Number of protein chains: 2
Amino acid sequence: MTQKATLADVAAVAGVSKMTASRALRGAPEVSQLSRDRVQQAAAQIGYVANPLAASLSSKRTQLVGVVVPSLTNTVFAEMLTGIVETIEGSGLQPVFGVTNYNPDTELDVLRNMLSWRPAGLIVTGLDHPEAAKILLRQSEQTLVQVMDVDGTAIGNCVGISHTQAGAEMARTLLASGARKIGYVNCTQIFDIRATKRLDGFRGALRDAGLEITAIQTSDTPSSAPAGRAQTRQLMQEHPDLDAIYYSNDDLAAGGLFHCLAQGICVPKGVILAGFNGLEFSESLPAQIVTTRTPRREIGQIAAQMVLDGDTDKCVQLMPQIVYLGG
Amino acid sequence: MTQKATLADVAAVAGVSKMTASRALRGAPEVSQLSRDRVQQAAAQIGYVANPLAASLSSKRTQLVGVVVPSLTNTVFAEMLTGIVETIEGSGLQPVFGVTNYNPDTELDVLRNMLSWRPAGLIVTGLDHPEAAKILLRQSEQTLVQVMDVDGTAIGNCVGISHTQAGAEMARTLLASGARKIGYVNCTQIFDIRATKRLDGFRGALRDAGLEITAIQTSDTPSSAPAGRAQTRQLMQEHPDLDAIYYSNDDLAAGGLFHCLAQGICVPKGVILAGFNGLEFSESLPAQIVTTRTPRREIGQIAAQMVLDGDTDKCVQLMPQIVYLGG
DNA sequence: ACCGGTATCGATACCGTTACCGATACCACA
DNA sequence: TGTGGTATCGGTAACGGTATCGATACCGGT
């Protein structure tokens, strides 16, 4: 009881060799029904728990899937993780998470650490990594999936959306609603490359219409609804005549909406607020915002499926959707 | 390049034995400065990456910390995870997450799976587990920390808050504000034992004042702001004269607030809304709600520290705080 | 009765690392 | 010069499994 039961113990109790016990427990075909039953019973009897470390070392294969995300508190990544977890569930694969905090140095560390486990698959966020990380990823042998973003060159498999296109589409949507004086709000405490791509696409589409962003309100606080509220207050104070405000995500946009509600500014009549992600809570907001619904859960599912299938060069571009939430 | 470099390769290049190489890389004291340098240089030169599987198998120790949470999309757990991650960072420990979806059967599976890795530490959510899980936990040898809840009997270490007390305190707060007709809103799609404890405490304190909950609005949808909005609508339709509504969490409460705002109901003048957790976004809501701020990040930090320190029977009860957010 | 084939099993050699203990060298000191 | 102690190293045996291949038994067909 004090010492864990080992395969040898199971084999001894079952009266077979270690190999037969191993095969029986793994469901290998070359075991007689009799031995199989005996082994399973013996294992149950002494409470045997397989040791995946030893198995991995011996077989030179692991059942690990490394998942590297920038943040856990961001619902978007949490939902992607959920997609991954629910897809690999029951496959015998084990997800291992790493968090980079949007920091390239941390990302490199996390990646190195992840790779040291020699995972069967690796799912990393984004296409943009520090050069050293790219080298690591290229050298490594396992199934690689880069998620969330398709704007750039993938090293391995790839699932996501085009943030550049998403930004452009939002610009066109706002323009179509008649907006001409448009503000932009973001947070730069962390360097969010995908938000930057959206901004680029947004700007490009405005320029195609002969327009520029009227004002940009940036802060180096973490992105959150309170930050969105504070920044919107400041932005609208300096530019009371904006037709629309594009936020780098729904949290900021919700904060912006809260500011408007508190000030009695009518949304979207007085000003259109645009976010990104289409988070669930946005659906219940008391006024309507426009946002881009991202299929993050599906991205997680597809990425996990790619790992399961051992794909190597697959690339799936998902199409986000402009939606009007709340009201 | 195709085959990973092993410790033997490092040793060969450095001109020492495997043992010396191993010791040098681990920073063991019984290595001369000369050998140490040579080994480190050799390792860097051939790009050696240590294999934690082999190390763990050989040393019978792992650097793994298993973390079992009910959900990843719930910000509360994500923030606790953040606390854990930031605390064990740099200690050489590796967090491994498991998600139970509030399902006891899943919890047992996840736990079994977690334990099979023989982690150095295990952090699980709550004090209430299926009986089989409790047995597993009691038998296992590693540092165990049960987090979030202190209402009950801990198996190992324990850090959290008393949800019963939190519920009672909220009841007293609402009573002190003059509320007499009080509604309660929750979601039961998942069985949230801690929410139940809060409700018990809440009810108890009301009874102490000779009162009962006026109406309970339950739904079996997942807990979210949209659910909160829908349920509040229904509840207020049937009971338009409520003084206050207690929600099982801030998401629902925010949804409730959105309903009131959309209906032009004044909060908190017309009705007091009470949530739980004190999420960051609640701070920016355009009207004031009352909630219980929970120290979930700190809980994660303390739990991780307990694992690092190898504590066995420590129990830390943190004190939540009633706060007024938004407005 | 002999043969080839299939089903079932076991012995052995690892996987890459660390624990353990013995070996060696070198030093100060008697 | 011998002796004991310390610092540094290496050989060997694990750790708990799996891959591989050879051994055995048993089958049907001729």
Side-chain angles (χ1 to χ4, degrees), chain A residues 2-40 42-43 46-64 92 94 113 115-120 141, chain B residues 2-40 42-43 46-64 92 94 113 115-120 141:
Chain A
T2 81
Q3 207 59 323
K4 296 262 186 225
T6 139
L7 188 59
D9 302 329
V10 178
V13 172
V16 296
S17 75
K18 261 170 55 178
M19 268 321 299
T20 304
S22 168
R23 284 194 268 248
L25 292 173
R26 276 177 300 150
E30 60 268 83
V31 189
S32 68
Q33 195 55 49
L34 181 68
S35 306
R36 195 183 302 277
D37 292 344
R38 269 215 275 258
V39 169
Q40 264 152 9
I46 65 178
Y48 170 72
V49 183
N51 186 336
L53 270 76
S56 299
L57 182 61
S58 176
S59 64
K60 299 173 147 189
R61 279 180 274 109
T62 65
Q63 56 275 64
L64 297 171
Q94 248 287 317
N113 190 35
L115 252 7
S116 78
W117 290 92
R118 284 142 237 231
E141 312 266 318
Chain B
T2 82
Q3 207 58 323
K4 295 265 188 224
T6 134
L7 190 58
D9 301 329
V10 177
V13 172
V16 298
S17 74
K18 267 169 48 178
M19 269 321 299
T20 305
S22 169
R23 284 193 269 246
L25 291 172
R26 278 178 297 149
E30 60 269 84
V31 189
S32 67
Q33 194 56 46
L34 181 68
S35 307
R36 193 182 302 276
D37 292 343
R38 268 215 276 261
V39 169
Q40 264 151 7
I46 63 178
Y48 170 71
V49 183
N51 187 334
L53 270 74
S56 298
L57 180 60
S58 178
S59 65
K60 299 173 144 188
R61 279 181 273 110
T62 66
Q63 56 275 65
L64 297 171
Q94 248 286 318
N113 190 35
L115 251 9
S116 78
W117 289 93
R118 282 135 236 235
E141 312 265 317

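Bear in mind the structure is a predicted one, so any value in this text is a computation, not a measurement. Here is the naming used below: chain letters follow the sequence lines, and residue numbers restart at 1 for every chain.
The separation between B:Leu57 atom CG and C:dT18 atom P is 11 Å, rounded to whole Å. Taking atom CG of residue B:Leu53 and atom C1' of nucleotide C:dT18, one finds them 14 Å apart after rounding to whole Å. Atom CG of A:Leu25 is separated from atom P of D:dT18 by 8 Å (rounded to the nearest Å). Distance, B:Asn51 CG to C:dT18 P: 10 Å, rounded to whole Å. Between the CZ atom of B:Arg118 and the C1' atom of D:dC15 there is a distance of 11 Å, given to the nearest Å.
With sequence neighbours left out, A:Ala120 forms a side chain to side chain contact (heavy atoms under 4.5 Å, CB included) with A:Thr62. Among residues two or more places apart in sequence or in another chain, the side chain to side chain contact (heavy atoms under 4.5 Å, CB included) test is passed with A:Ala8 by A:Thr6, A:Lys18. For B:Val31, the side chain to side chain contact (heavy atoms under 4.5 Å, CB included) criterion is met by B:Thr20, B:Arg23, B:Ala24, B:Ser35, B:Arg36, not counting sequence neighbours. Not counting sequence neighbours, the partners of A:Arg26 by the side-chain hydrogen bond (donor to acceptor under 3.5 Å, both in side chains) test are A:Ser22. Every side chain to side chain contact (heavy atoms under 4.5 Å, CB included) that B:Ala42 has, sequence neighbours left out, goes to B:Val10, B:Val13, B:Ala14.
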Which atoms of nucleotides 19-23 of chain D (N or O only) lie under 3.5 Å from a protein N or O atom, and what are those distances?
unit_1	atom_1	unit_2	atom_2	d
D:dA19	OP1	A:Arg61	NH2	2.4
D:dA19	OP2	A:Arg26	NH1	3.1

Within the sub-3.5 Å range, which N or O atoms of nucleotides 23-25 of chain C have a protein N or O partner, and how far apart are they?
none

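A donor and an acceptor atom never sit less than 3.5 Å apart when one is taken from the side chain of A:Lys60 and the other from the base of D:dT18.
Contact detail for B:Val16 and B:Ala21: the closest heavy-atom pair is CG2-N, 4.1 Å. The two residues A:Asp9 and A:Ala5 have their closest heavy-atom pair at OD2-CA, 3.4 Å.
Across residues 6-15 of chain B, B:Thr6, B:Leu7 each have a non-hydrogen atom less than 4.0 Å from an atom of DNA chain C (numbered order). Against DNA chain D, the stretch residues 28-37 of chain B makes heavy-atom approaches under 4.0 Å through B:Glu30, B:Val31, B:Ser32, B:Ser35.
Within the structure, every pair that satisfies the side chain to side chain donor-acceptor pair (under 3.5 Å) test and touches residues 46-59 of chain A, not counting sequence neighbours, is listed here: A:Ser56-A:Gln63.
Annotation: of the two residues near DNA chain D, B:Ala54 and B:Val16, the 5′-most nearest-nucleotide partner is B:Val16.
End-to-end axis angle of the helix from C:dA1-D:dT30 to C:dA30-D:dT1, using five pairs per end and rounding to 10°, comes to 50°.
Between atom CZ of residue B:Arg118 and atom NZ of residue B:Lys60 there is a gap of 11.0 Å, rounded to the nearest 0.5 Å.
A close approach under 4.0 Å does not occur between any side-chain nitrogen or oxygen of B:Ser17 and OP1 or OP2 of D:dC9.
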